[in-house]
A.B. asks: 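Okay, here's the structure, questions in a sec.
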Amino acid sequence: MIEITPQIVREHGLSDAEYGRIKQLLNREPNYVELGVFSVMWSEHCSYKSTRAHLRRLPTKGPVVIQGPGENAGVVDIGDGDAVIFKMESHNHPSFIEPYQGAATGVGGIMRDVFTMGARPIAMMNALRFGTPDHPKTRHLVAGVVAGIGGYGNCMGVPTVGGEVNFHSAYNGNILVNAMCVGIARQDKIFKSAAEGAGNPVIYVGSKTGRDGIHGATMASAEFDENSEEKRPTVQVGDPFTEKLLLEACLELMATDAIIAIQDMGAAGLTSSSAEMASKGNSGIELNLDHVPQREENMTAYDMMLSESQERMLAVLKPGREDEARRIFDKWELDFAIIGITTDTNRLVIRHKGEIVADMPVNALADEAPVYERPFTRRPALPPLAKNAFDPKRPIADSLLQLIGSPDLSSRRWVWEQFDYTVMADTVQAPGGDAAVVRVHGTNKSIAIACDVTPRYCRADPFEGGKQAVAECWRNLTSVGATPLAVTDNLNFGNPERPETMGEIVAAIDGIAEACIALGFPVVSGNCSLYNETNGEPILPTPAIGGVGLLKDGTRHASVAFKRAGDAIVLIGETKGHLGQSLYLREIEGSESGPPPPVDLGVEKRNGDFVRGLIEMGQVDTVHDISDGGLLIAVAEMAMAGGMGAMLEGPDGIAQLFGEDQARYLLAVPHSIAQEILGDAKAAGVPAAIIGFVGGTGTHLEVPGMTATRIAALKSAHETWLPNYMAAPQ
Amino acid sequence: MKSAVVVFPASNCDRDAAVALEQMTGQKPVMVWHGDSEIPDVDLIVLPGGFSYGDYLRCGAMASQSRIIRDVKAKADKGVAVLGICNGFQVLTETGLLPGALMRNAKLKFVCRPVGLTIEESQSAFTRAYAKGETVRFPVAHGEGNYFADDATLDRLEGEGRVAFRYAEGENPNGSARNIAGILSEKRNVLGLMPHPERVVDAALGGTDGRRVFQSLIETLS
Amino acid sequence: MKARVFVTLKNGVLDPQGKAIGHALNNLGFASVGEVRQGKVIDIELAETDAGKAKAELERMCEKLLANTVIEKYEIELKA
Amino acid sequence: MKARVFVTLKNGVLDPQGKAIGHALNNLGFASVGEVRQGKVIDIELAETDAGKAKAELERMCEKLLANTVIEKYEIELKA
Ligand SMILES: Nc1ncnc2c1ncn2[C@@H]1O[C@H](COP(=O)(O)OP(=O)(O)O)[C@@H](O)[C@H]1O
Ligand SMILES: [Mg+2]
């Protein structure tokens with residue numbers, strides 16, 4: 001067996017102190033297999049050692065929460081005995097190295113997290129960040145990532161219903177690929193990962209094990225440098241066909257009562273699934289690797305324990321139910337093997353070729369992983385925006401056209417048309433709205449899903465940025481009429497060993513926590529992706545928030561498109577004209593300055609609850625929240641979606657039209673209802689005003705102080721940027 | 001009307017087809033496993049959309065070799081109606097029940113969007129509830145729907161009134177020859193089409209244009 | 001015995017993938033590149049040791065599954 | 001000059017397509033079939049007439065575009 005040298009310890013990403021601790025816990029030197037197992041279990045990716053202490057501040061409980069963080073995915077009550085199960089996860093590093101397979105296996109991984117709990121996946125979302133469009137790698141990465149997400153999700157037959165895409169130079173060397181999966185289960189059919197009890201068979205199902213992605217988990221916990229393209233470890237290739245069979249086979253097995261515990265093999269494969277199941281079940285597991293289905297010859301115990309081959313699951317069955325389970329996996333033509341047994345020793349024991357090759361206390365692996373209170377510095381607040389930060393005389397129409405066709409605001413149609421968003425025949429709101437709406441099959445209930453974060457706000461002020469991400473997600477769910485239920489997060493940051501980056505993490509978590517508490521929007525699952533930096537250049541802090549809401553009656557939902565000429569356009573919320581960190585400033589004035597818009601969570605809740613009430617009562621069917629680009633962009637989006645013009649009367653001037661003040665919505669309603677709404681708003685203390693009308697000349701957007709602009713011209717700028725960019729030669 | 005839906009490994013519109021059939025006919029279809037050897041006596045056999053066998057090698061190629069296909073062929077020969085949607089259409093061309101082949105989309109990308117279709121032929125069990133020349137909208141969702149056949153075959157299909165659906169002018173999503181979206185077999189009891197009628201039978205999902213495919217079948221076969 | 005099967009589009013059948021590759025190569029400055037066609041290569045390990053029988057079997061595999069002879073042609077190469 | 005480029009998955013990289021094809025062939029009764037791997041074959045017409053130069057150029061094409069060297073390897077064959 002390979003001798004453990006300080007060099008080998010370092011190559012496993014363990015510090016001297018961590019190695020010392022391992023020796024102490026084992027009472028001896030670990031052997032090579034054990035070192036490998038510890039290294040993945042104690043990696044940032046699996047142990048959350050830099051963030052664990054801070055994540056505790058997130059609210060995770062609430063009246064609808066059935067299962068918070070700690071299981072494969074979060075579980076939330078949606079009434080009638082149904083539950084929605086969801087989680088978001090990153091596949092950033094693999095996607096940068098091999099965009100198609102990296103993104104595809106990211107989708108596959110997050111789906112397994114959801115169906116391992118007994119849910120049938122019903123919708124996928126993704127949040128993508130790329131470098132600047134003119135960076136030589138960007139086009140190739142966009143093409144590969146989008147094709148990979150589609151390639152896997154489409155084959156699975158789960159609709160991909162939304163997401164977000166941003167471009168910024170901070171992602172030139174580190175793109176972000178975050179995927180979210182939402183599933184539905186019956187509350188009495190939810191499966192967990194605690195391998196309770198001794199003497200129960202441990203079964204392995206799915207694909208065979210190869211030497212895929214060995215050390216993927218440690219790679220996801222290390223910075224990139226110029227050498228990493230050469231040091232590329234084997235990239236995993238996704239097999240969505242096998243995953244589809246695995247999904248159906250697992251759901252079929254779950255319909256019986258043969259399962260005690262089940263867990264997908266994600267990062268660090270067999271190692272983390274077995275250790276975590278034993279730890280949660282307060283039991284031990286003995287594995288015999290001779291029985292592991294293998295794809296390659298001469299695989300060592302180290303290879304098998306660390307392999308990240310995809311499309312595999314580990315389960316603990318009730319004794320005597322093995323044959324019943326085997327028949328199901330045979331039917332789906334998947335590998336099935338009994339590879340071990342649970343014990344009462346609280347140890348993970350691994351046998352291979354007649355020898356014990358590893359024997360470690362389970363709690364040392366799972367619970368004794370280090371937790372760091374890393375030093376951090378807080379960024380000082382930015383001074384208010386300088387008075388001369390923008391040219392007040394700049395023609396508004398030109399800016400509008402430029403913004404609506406800019407990389408971050410242009411239509412994502414080129415992306416979502418590569419995703420099957422109508423399969424399963426329950427998609428009520430397809431991509432292009434504020435939140436996607438998917439019906440709970442066979443009912444009138446619907447689930448709304450949105451994915452949000454504004455990284456430029458987070459860079460300027462991570463605390464306000466964290467709050468804003470939650471608030472915008474909550475607002476997007478509200479805009480379709482859903483009651484926001486709970487969130488999953490995907491915290492993407494740079495190297496936590498830098499105090500400035502750690503400061504961003506701490507502040508963003510504080511902001512998220514504050515917003516989630518204020519909005520009654522608990523966190524039920526999540527994922528951290530750190531070390532996203534290249535040559536010391538970190539990404540923008542990007543804590544993506546995936547939110548899920550419920551529409552008790554899915555037929556009463558609102559959408560962004562103008563529907564009736566003559567409708568009054570009602571603005572809900574207060575407009576101060578906050579231009580700091582706005583897209584207007586960045587795209588038109590070329591400046592990323594000023595503080596981001598502050599979020600008043602009380603106002604946010606008050607305004608949102610008011611708007612949702614109107615949709616629920618059936619008074620309003622046309623709603624759009626105001627976010628990136630401000631009020632005029634939101635009106636333009638409603639006009640383009642409805643193919644109707646609009647005439648504004650109220651707002652005036654660049655700050656009013658393009659400011660990104662929070663907690664605002666636009667409604668379009670018949671005049672008589674508008675008057676009623678104004679009255680109700682006044683009573684509720686909600687700022688509301690009629691700012692214009694749908695229609696106008698019918699074909700133009702008319703705004704005081706702006707040259708009337710054809711909707712067709714807006715649409716052309718909006719729809720062509722991305723396809724033209726992608727069609728241009730490499 | 002009694003119907004059956006064949007389920008291949010990684011079919012994924014089997015449930016959608018079953019839901020639409022039940023909604024339209026009031027009767028649950030029989031779900032038939034690809035490894036079975038016989039389909040029960042039904043009026044209509046549906047080969048659903050999806051990614052049978054992952055679409056590996058060629059779309060529909062492996063499914064066309066599955067055990068159940070022998071019986072699909074036998075029943076089709078006897079005149080039982082067979083409807084192949086999307087992947088089901090690919091299976092039908094691979095089995096030879098329909099001529100031609102479905103190739104990779106001309107733009108090489110998967111495409112999901114609602115498309116306009118003109119009804120080219122209302123004289124069939126699948127389309128009689130539509131008016132000839134009418135335009136309807138069904139969603140497409142496929143990576144390989146680019147219909148190909150040699151000119152003689154195409155001429156013959158047109159001459160015999162076997163082009164049932166055509167993509168509306170300017171809306172061809174995949175480069176398909178002569179904008180063909182769906183074709184009939186010689187005996188007109190087999191229809192293959194790339195767009196998804198079963199995804200537009202419910203007003204809550206933004207359209208009901210697909211209903212009349214099922215209504216046509218009910219009128220003809222019940 | 002090992003075999004390599006080539007499955008390529010028949011002449012006259014449009015090959016958008018090949019065209020796209022040719023285009024991309026030209027754009028990358030490979031001016032010398034003319035027509036490009038893309039096909040599949042399938043490497044098969046066979047227990048059969050008789051070359052004649054192997055070839056006959058491979059032909060049946062091509063006809064039945066590996067190639068769609070409406071649009072594709074195939075070549076078989078036996079190795080070692 | 002004509003060239004044929006083979007792009008295949010590196011050893012050890014999972015080949016879901018090859019796996020499924022092998023499985024299907026076995027199911028069709030081709031019992032002799034063992035491991036199957038699928039790759040691409042790209043036929044390229046080149047204006048270049050010097051074999052050495054053509055080969056060098058093809059190698060650059062493979063590295064730049066034709067093969068994804070993270071998971072794939074390539075072989076080049078010059079013809080006539
Ligand atoms: N990667 C993606 N996949 C699918 N849909 C996307 C993607 N990115 C953006 N979209 C869709 O485009 C629309 C606009 O996105 P965005 O501007 O981020 O919305 P919002 O400002 O409401 O958060 C949304 O409907 C969103 O779901
Ligand atoms: Mg929105």
Side-chain angles (χ1 to χ4, degrees), chain C residues 1-11 15 17-51 53-67 72-79, chain D residues 1-11 15 17-51 53-68 72-75 77-79:
Chain C
M1 174 162 298
K2 284 187 178 182
R4 179 159 259 195
V5 175
F6 300 97
V7 181
T8 49
L9 288 169
K10 285 184 178 167
N11 294 336
D15 174 14
Q17 227 163 332
K19 230 170 71 180
I21 295 172
H23 208 73
L25 287 173
N26 290 149
N27 281 334
L28 282 172
F30 295 104
S32 153
V33 170
E35 208 196 347
V36 177
R37 309 271 294 170
Q38 178 177 323
K40 282 176 238 175
V41 50
I42 303 167
D43 289 312
I44 303 183
E45 275 179 14
L46 286 173
E48 182 58 66
T49 50
D50 179 280
K53 282 192 197 154
K55 189 128 196 201
E57 203 166 14
L58 286 161
E59 235 151 63
R60 277 190 295 128
M61 292 181 208
C62 287
E63 289 289 333
K64 254 200 128 149
L65 183 73
L66 302 181
E72 295 170 327
K73 58 187 195 307
Y74 57 86
E75 292 161 63
I76 293 166
E77 214 178 87
L78 287 180
K79 295 183 156 188
Chain D
M1 176 163 296
K2 283 186 178 185
R4 179 159 257 196
V5 175
F6 300 97
V7 180
T8 50
L9 287 167
K10 287 182 179 168
N11 292 335
D15 175 13
Q17 306 228 36
K19 199 174 85 177
I21 295 169
H23 209 77
L25 288 172
N26 290 149
N27 282 342
L28 283 174
F30 295 104
S32 153
V33 170
E35 209 196 348
V36 177
R37 309 269 295 169
Q38 179 179 322
K40 279 179 254 182
V41 51
I42 303 166
D43 289 313
I44 303 182
E45 275 179 15
L46 285 173
E48 182 59 66
T49 49
D50 178 281
K53 281 193 198 150
K55 189 132 196 197
E57 202 164 18
L58 286 161
E59 233 152 66
R60 278 187 297 130
M61 292 181 209
C62 287
E63 290 287 336
K64 268 202 121 145
L65 181 78
L66 302 181
N68 174 353
E72 294 171 329
K73 57 188 193 313
Y74 57 87
E75 290 163 64
E77 218 178 82
L78 287 181
K79 295 183 157 188

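Naming: A, B, ... by sequence-line order, numbering from 1 per chain.
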A.B. asks: Determine the minimum heavy-atom distance between D/D15 and D/Q38, stating which atoms define it.
C.D. replies: OD2-N, 2.7 Å
A.B. asks: Looking at D/G34, D/S32, D/A31, D/G18, which one has more heavy-atom pairs under 4.5 Å with chain C than the rest?
C.D. replies: D/S32
A.B. asks: In terms of heavy-atom proximity below 4.5 Å to chain C, should D/F30 be classed as side chain, backbone, both, or neither?
C.D. replies: both
A.B. asks: Answer yes or no: is there an ion pair linking D/R4 with C/E77, defined by an N-O contact shorter than 4.0 Å?
C.D. replies: no
A.B. asks: Which one, C/L46, C/T8, C/I44, leads in non-hydrogen pairs under 4.5 Å with chain D?
C.D. replies: C/L46
A.B. asks: Can you tell me if C/K10 has over 12 outside heavy atoms packed within less than 6.0 Å of its NZ?
C.D. replies: yes
A.B. asks: Taking the side chain as everything from C-beta on, heavy atoms only, tell me whether D/V33 gets closer than 4.5 Å to C/M61.
C.D. replies: yes
A.B. asks: Would the number of heavy atoms belonging to other residues, nucleotides or ligands and lying under 6.0 Å from NZ of C/K73 be above 12?
C.D. replies: yes
A.B. asks: Can you tell which part of D/R60 gets under 4.5 Å to a heavy atom of chain C, answering side chain, backbone, both or neither?
C.D. replies: both
A.B. asks: Within the 3.5 Å criterion, strictly below it, is a donor on C/E63 or C/Y74 matched to an acceptor on the partner's side chain?
C.D. replies: yes
A.B. asks: Using non-hydrogen atoms only, which part of D/L58 is less than 4.5 Å away from chain C: side chain, backbone, both, or neither?
C.D. replies: neither
A.B. asks: Could you check which of C/L25, C/V41, C/L66 has the highest count of heavy-atom pairs closer than 4.5 Å to chain D?
C.D. replies: C/V41
A.B. asks: Side chain, backbone, both or neither: which part of C/I21 has a heavy atom under 4.5 Å from chain D?
C.D. replies: both
